[in-house]
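All values below come from the heavy atoms of this structure, side chains included, with hydrogens, waters and symmetry mates left out.
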Amino acid sequence: MTKIVNSWNDFDPLKHVIVGRADNSVIPPEEPATSEKVPVDSEMRGMWGPRPTETVEKANAQLDNYAKVLEGLGVKVDRPTPLQWNQEIKTPDFRTESGMTQMPPRDILLTIGNEIMASANSFRCRYFEYLAYWPLMNEYFEADPEFKWTQAPRPRLTDKSYKHNYYDEKITLEERLVRTANKDFVTTEAEPMWDAADVMRMGKDLFIQHGLTTNLKAMEWFKRYYPDLRVHSLNFPGDPYPIHIDATFVPLRPGLIINNPHRPLPEDQRKIFEANDWEIVSAATPAHDEPPALCYSSVWLSMNCLVVDHKTVIVEESEVYQAEQMDKLGMNVIPVPLRDAYAFGGGLHCATADVYREGGCEDYFPNQAGDTTLV
Ligand code: DAV
């Protein structure tokens, strides 16, 4: 019997992973969910269409190299099958002019034990992104009799799923931060919506970021779907564009998490970590003042690292301060260049999805202190 799929966290020894591709990537036209995510001063506002070929080639060169480095570490690497994203997406409920990419598998695929589930993304342009991974899912399904191939309930993404007076280009940063601190996001609670990159997997506990891309109904859905796991809602008030937990709160090994110092976890939500002797350390300052051109993500992709095992971490090559901090925290650092791929949907962690890590479903938080389970 071949066991292909198994992963319960982001730090046990990595043996098999999917690395994204930049082919055919498109900057999608504005839609209710993305209009809030793209920063108001971004050069991408009002711009859409296929990304320039030269940038796709540069991103792919770095992604291919990343895959080679992983293979050199003994990790099996699979790649998605690109689709033509520059075509209209139409369902009975909505219509948008294009898809987006298959660069960040982390946003789409959530691996929990022997199950890989495609997410319920709130961006209409991402509605069919899972298709790029279906050939791999089918392969795993044929080879591994225990593999559970799952699709979360597809959200309808009608106009009811978004607040329509939410986007306001005149809103100040301070006002924006008040809004996110009040957990007032562009998505409504009309139906469960979530990006897989909002879910931090820790064995028996799932810590899920409540933000622009994941709502509370999704957490309720997770609670019912995984009755043996404990689902916690986290939010990070210092983030004006809270999307995905993996540039904000990143575990390095059992007992140690780095937290974005601009987005500290609120006191009441820290209790569960403190009560179980987990250390939360402020992440190092990013090496860059600005994200690269046409990039959705912030400079904090500096901390979007890929942990290979409890002692080894891959950090983006130019992120010297983050690498130095990892070294001080006792990790061996492998630098890999990936900045040319950032604009396509994120950093080293975003660009991958787990297929197999050693280890099982551990209970890292036997003391369930605090109120993070109140969703
Ligand atoms: O800080 O812009 C990026 C996360 C991408 N998966 C940020 C979050």
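The backbone N or O of Leu177 lies less than 3.5 Å from a partner atom in the side chain of Thr180, making a donor-acceptor pair. Side-chain atoms of Thr150 do not come within 3.5 Å of backbone N or O of Met117 as any donor-acceptor pair. A donor-acceptor pair under 3.5 Å is absent between the side-chain atoms of Thr187 and the main chain of Tyr162, judged by distance alone. Within the 3.5 Å criterion, the main-chain N or O of Ile4 finds a donor-acceptor partner in the side chain of Asp144. Between the Glu31 side chain and the Cys125 main chain, a donor and an acceptor come within less than 3.5 Å of each other. At least one donor-acceptor pair closer than 3.5 Å links the side chain of Glu316 to the backbone N or O of Leu338. Listed for the Arg79 side chain is a donor-acceptor partner under 3.5 Å among the backbone atoms of Gly20. Side chain of Asn367 to backbone of Asn276: no donor-acceptor contact under 3.5 angstrom is found. Between the side chain of Asn259 and the backbone N or O of Val250, no donor-acceptor pair lies under 3.5 Å. Using modelled atom types, no side-chain atom of Glu358 and backbone atom of Lys15 make a donor-acceptor pair closer than 3.5 Å.
Cation-pi geometry between Arg230 and Phe365 is not met at under 6.0 angstrom from the ring centre and within 45 degrees of the axis.
For the pair Pro82 and Gln102, the tightest heavy-atom approach, listed with the atom from each and the gap, is CA-OE1, 3.0 Å. Looking at every heavy atom in both residues, Pro251 comes nearest to Met202 through CB-CE, 3.7 Å. Nearest heavy atom pair, residue Thr352 against residue Pro105, reads C-CG, 3.7 Å. Between Pro80 and Arg21, the shortest heavy-atom contact is O-NE, 3.1 Å. When every heavy atom of Phe222 is checked against every heavy atom of Leu110, the shortest pair comes out as CE2-CD2, 3.6 Å. Between Pro104 and Phe344, the closest heavy-atom pair is CD-O, 3.8 Å.
For Tyr342 and Tyr296, the ring centers sit 6.0 Å or farther from each other. Tyr140 and Tyr133 have their aromatic ring centers separated by at least 6.0 angstrom. Side-chain rings of His210 and Phe185 approach one another, their centers coming within less than 6.0 Å. Ring-centre distance between Trp85 and Phe128: not below the 6.0 Å cut-off.
Between the side chains of Arg124 and Thr96, no donor-acceptor pair is found at a separation under 3.5 Å. In this model, a donor atom of one side chain and an acceptor atom of the other lie less than 3.5 Å apart for Asp205 and His232. With 3.5 Å as the limit, one finds a donor-acceptor pair spanning the side chains of Asn121 and Asp195. No hydrogens or angles considered: nothing links the side chains of Gln84 and Gln87 as a donor-acceptor pair under 3.5 Å. A side-chain donor from one of Asn304 and Asp246 sits under 3.5 Å from a side-chain acceptor of the other. For Asn86 and Asn24, the side-chain atoms include no donor-acceptor pair closer than 3.5 Å. With hydrogens and angles left out, the side-chain atoms of Glu71 and Tyr66 include no donor and acceptor closer than 3.5 Å. Between the side chains of Ser7 and Thr111, no donor N or O sits under 3.5 Å from an acceptor N or O.
The hydrophobic cluster containing Val320 also includes Tyr321, under a criterion of side-chain heavy atoms closer than 4.5 Å among ILVMFWY residues, counted directly or through chains of members.
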* **Test log, rule salt bridge (Lys or Arg N to Asp or Glu O under 4.0 Å), inputs Glu146 and Lys3** => CA-CA 7 Å; Glu146 289 178 352; Lys3 181 96 181 131; 3.0 Å; yes

* For the pair Val313 and Ile334, evaluate side-chain contact (heavy atoms from CB on, under 4.5 Å) and give the outcome as yes or no after the intermediate values. => CA-CA 6 Å; Val313 62; Ile334 302 174; over 6 Å; no

* Starting from the C-alpha separation in whole Å, work towards a yes-or-no answer on side chain to side chain donor-acceptor pair (under 3.5 Å) for Thr213 and Asp198. => CA-CA 8 Å; Thr213 41; Asp198 278 318; 2.7 Å; yes

* **Residues Phe249, Ile257; criterion side-chain contact (heavy atoms from CB on, under 4.5 Å); working and verdict** => CA-CA 7 Å; Phe249 205 57; Ile257 298 188; 3.7 Å; yes

* To do: Apply side-chain contact (heavy atoms from CB on, under 4.5 Å) to the pair Leu294 and Ile27, showing each step before the final yes or no.
  => CA-CA 9 Å; Leu294 302 179; Ile27 296 176; 4.1 Å; yes

* **Ser25 vs Arg51, side chain to side chain donor-acceptor pair (under 3.5 Å): CA-CA, chis, key distance, verdict** => CA-CA 6 Å; Ser25 294; Arg51 286 185 177 263; 5.5 Å; no

* To do: Kindly indicate, with the supporting measurements, whether the criterion side chain to side chain donor-acceptor pair (under 3.5 Å) is fulfilled by Asn235 and Gln269.
  => CA-CA 8 Å; Asn235 77 299; Gln269 297 172 48; 2.8 Å; yes

* To do: Show the numbers, then the answer: is there a side-chain contact (heavy atoms from CB on, under 4.5 Å) between Ile116 and Lys148?
  => CA-CA 6 Å; Ile116 301 183; Lys148 285 165 79 175; over 6 Å; no

* For the pair His288 and Ser302, evaluate side chain to side chain donor-acceptor pair (under 3.5 Å) and give the outcome as yes or no after the intermediate values. => CA-CA 9 Å; His288 302 271; Ser302 54; over 6 Å; no

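No side-chain heavy atom of Tyr226 sits less than 4.5 Å from a side-chain heavy atom of Val231.
Between Trp149 and Phe147, the two ring planes are parallel [angle under 30°; tilted spans 30° to 60°]. Ring planes of Trp278 and Phe11: tilted class, angle from 30 to 60°.
Both Leu256 and Ile245 are assigned to one and the same hydrophobic cluster, defined by single-linkage of ILVMFWY side chains at heavy-atom distances under 4.5 Å. No single ILVMFWY cluster, assembled from side-chain heavy atoms under 4.5 Å apart, contains both Leu216 and Leu157. No path of Ile, Leu, Val, Met, Phe, Trp and Tyr side chains, each step under 4.5 Å between heavy atoms, connects Tyr356 with Phe141, placing them in separate hydrophobic clusters. No continuous path of ILVMFWY side-chain contacts below 4.5 Å connects Met103 to Ile18, so the two sit in separate hydrophobic clusters.
Identified under the salt bridge (charged side-chain N to carboxylate O under 4.0 Å, His left out) test for residues 93-114, with sequence neighbours left out: Asp10-Arg106, Glu88-Arg95, Asp93-Arg156, Arg95-Glu97, Arg106-Asp354, Asp107-Arg126.
Here the CD atom belonging to Glu129 is positioned 10.0 Å from the CZ atom belonging to Phe123, to the nearest 0.5 angstrom. Atoms CE and CG, from Met303 and Leu252 in turn, are 8.5 Å apart once rounded to the nearest 0.5 Å. Going from atom CD1 of Ile314 over to atom CE of Met326 covers 11.0 Å, rounded to the nearest 0.5 Å. Ile112 CD1 to Asn9 CG: the interatomic distance, rounded to the nearest 0.5 Å, is 11.5 Å.
Here Asp12 does not pair with Arg357 in a salt bridge; the nearest charged N to carboxylate O distance is not below 4.0 Å. Salt-bridge check for Lys217 with Glu220: failed, with every basic side-chain N at 4.0 Å or more from each acidic carboxylate O. Salt bridge status for Asp78 with Lys76: present, with a side-chain N to carboxylate O gap under 4.0 Å.
For Lys68, the NZ atom is loosely surrounded, since the number of other residues' heavy atoms within 6.0 Å does not exceed 12.
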